[in-house]
Amino acid sequence: MKERLARKMGFRGRLLIAMLVIVMLTVISIAGLSLISLFDSEKSRAREQLSVADGVAREVVQRRTELLASQLSVAVEDFGFRSAVATDDPSTMTSALANQSGRVDADFALLTDDDNNLMANLQGLDNGNLAPFHSLIDQARSQGIAASIQAWEGRAYKLIVVPIKAAGLKAWLTAGFLLDDSFATAISNLTATDVLLKRRDRGQERVLASSLATDSLGPEFWEAFPETNSGRMIETSRYFSRVLDIEADSENPVYMILFSSRAKALANYNELALKLGLLMMVVLLIAAGLVLLMARAFGGPVLQLANFASAIGKKRDVAVPDIAMEGELGTLRDALTDMLSRIREREQQLEYNAGHDELTDLPNRKAMDAVIRQRLDAYQPTHVLVFALADFKAINDTLGFAFGEKVLVATGQRLKGQLPTNAPFGRTGDNEFMALAPGQSRAALDSLIAHLRAQIEDVTIIGDIPITLRADIAVLKIPDQAGTPDEVRRRLNLTLEQAPEAEHCIAFYEPGGDENHLRELRLIRDLQPAMASGELFMHYQPKIQLASAQLYQVESLLRWQHPDLGFINPEEFILLAERSGQIHQLTEFILRQVASDSSTWAQEGLTMGVAVNLSALDLTNRRLPDLITAIFSDWQSNRHQITFEVTESAVMSDPTLARQTLEKLRDLGFKLSVDDFGTGYSSLAQLRSLPVHELKIDKSFILNLDTRPQDQLIVQSTIDMAHGLGLSVVAEGVENLGSWQLLRGWGCELAQGFFMARPMASDRLADWHRAFGERSGELVENSTVQNSETLQ
């Protein structure tokens, strides 16, 4: 039906409708945007008016309060008034109170003694009873003067309490003015908005004052103001409004609502909208006439050019329309003809570029992958050779990128000239070339590789500069060792990584060589979810004070129980976290878990320090000190109980930045320790310059300490050296009583090892601590006896 209607209308009819639709959409869009802009402008004007009224209302209340406070301060200094109060006669005080209230135009007034008992009032209350608003009087007693809005018998008053002081006399005058309809009307006249005061009393809204009849507002007015709205404008179907929390107690809050009629505020908008609508209709009628004329004049030639353009989009062998046209339509015809010619040329060039390297004009990776796919499909035995120029980055950095590009061009041409004609060859990476050699014997293959390697490493003269290159070579046979282009690429990359360590830098793919890589990829992928799923968890190994055999601290140790791969060695996945850039997230996970467990121990009455290991990349994280401070915010006075352990190699990877991070942590009050001391490569001078407090001897020196005199000499010397540098010492790997006794005798401060406790879950520490307490006395006694025998 639609196609038949379209054919019946013809191109010019469709053109006419399309142009009319465009004009209509344009006019409607402009009109709509104009109306929206006008509407927003009127709303902004209403919002500005309410904002100004807000300031005026607050200023009126403030000035009226200040005036009353000033008048009351003068009144209480009046000798006659103080004399009347001093008589302690209710009639005299009431008369004086009425006189002063009239002077200051107060609507509410009462006198109370220093115990909050009524002395006189104008509200008809019984004197001698406890005065109302005694909390406000108590506030004035502490501050000297107090002011607040208070509700009294269904009405709101602005009350001020001032002291009356005289010799042997101390009383309090409470006076205020009524927030009634006349008050609301006065503010309304000043602000050009209507004003209403209300309060919430036991869940019900109660009107205190209004500048107009409240029964004319309608129920939707009250539904818009269940609570204060922090001064923002509220828009309903009839009003623009704003709520002021002018001042209220917590039980009976009093609010002032400023509002103006929506119809009045938008009157200008409605008038402009009507005029704009009429103008839009006139424009549409004129546009329809012009469009009709244009469609008749240009319909035929445009239809021909449209068909020509459509044909260009579908095929390339298109005949140029034979029509005589001048002006813009002629220019369009010539442009379409030229476009057709350029498209043909560009497609040919794009087709060539898609399969060739721009620099060397050799086939690129895409083209080589296509050849590999063809040979895999044909099950054609082929050796895939990859040549990677080693140290190519140094050439770019030293001699420049332009020179490096010349090296690549020369190397590519040299290799291409030495390969058989039936061996496809191309550039597949920045410094990487690939060749496909037909299946042949190992001897012939070795001879070809050696010849190509010699060609690469032969001296090359480029711009009068002799260059000697070195190449890493990876070899893989298809289809025996890879069945898809993706497998070919992945296994060649893995083999190429092994080439620098292989003989003559030539590595042949070994089946199964990518299994470890796949495992690493899976661990990297699963590490982030493991933090949220509970697969990653903490174990803690206690550190014991050798002198007292008491628990001093625990070292936090991260564990991973993978659901499929089982237990993962921390050294393995932490290294992968560093390589994949996840180490900072992993460190934050550890810190938060340690902080959470420490809080649980504190609730159980188990107080001790905790040690956390930091990696080399952690020490390069400039936000690490701020992160640690935020996580351990509850340890403000006990930061010295938190120790951060870093290895010598971690510090030496970037000594300057690592030292800055360690100094920040030290200045924040945390304790720092050099872990695995004795296995790194730092000098004593470097150790002396580090801002650390503790030295932790590696367990390789401690495990057999009781039976190896050489280890004893090294450990004892290390302890003496550390003490000489002002460092405490931790011995890691204590596994028997003999080692314990030796370390205690040499003055080592802390011990850690299986002899005292293995790493354990957080919830087992309390039970272990109770059990170890039964051994601690025996350890101290045995060590004392052993040390005595050694001295004798």
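Keep in mind that the numbers below use all heavy atoms, side chains included, and drop hydrogens, waters and symmetry copies.
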Short N-O contact, [X] and [Y], less than 4.0 angstrom:
X: Lys477; Y: Asp480; value: yes
X: Glu663; Y: Arg659; value: no
X: Glu432; Y: Arg427; value: no
X: Lys543; Y: Glu555; value: no

Discussion item. Ring centroids only, cut at 6.0 angstrom: are Tyr540 and Trp768 within range, meaning strictly under it?
Written reply: no
Practice prompt. Please state whether the rings of Trp560 and Phe573 are parallel, tilted or perpendicular, taking 30° and 60° as the class boundaries.
Written response: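 Answer is perpendicular, since the angle exceeds 60°.
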Discussion item. Side chains of Ser776 and Gln550, heavy atoms from C-beta outward: is any pair under 4.5 Å?
Written reply: yes
Would you say the side chains of [X] and [Y] form a donor-acceptor pair under 3.5 Å?
X: Thr484; Y: Asp486; value: no
X: Lys696; Y: Gln752; value: yes
X: Ser739; Y: Asn736; value: yes

Fill in: Residue from Arg744, Gln545, His723 passing side chain to side chain donor-acceptor pair (under 3.5 Å) with Glu749
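Only one of Arg744, Gln545, His723 forms a side chain to side chain donor-acceptor pair (under 3.5 Å) with Glu749, namely His723.
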Fill in: Lys671 atom NZ, over 12 foreign heavy atoms within 6.0 Å
yes
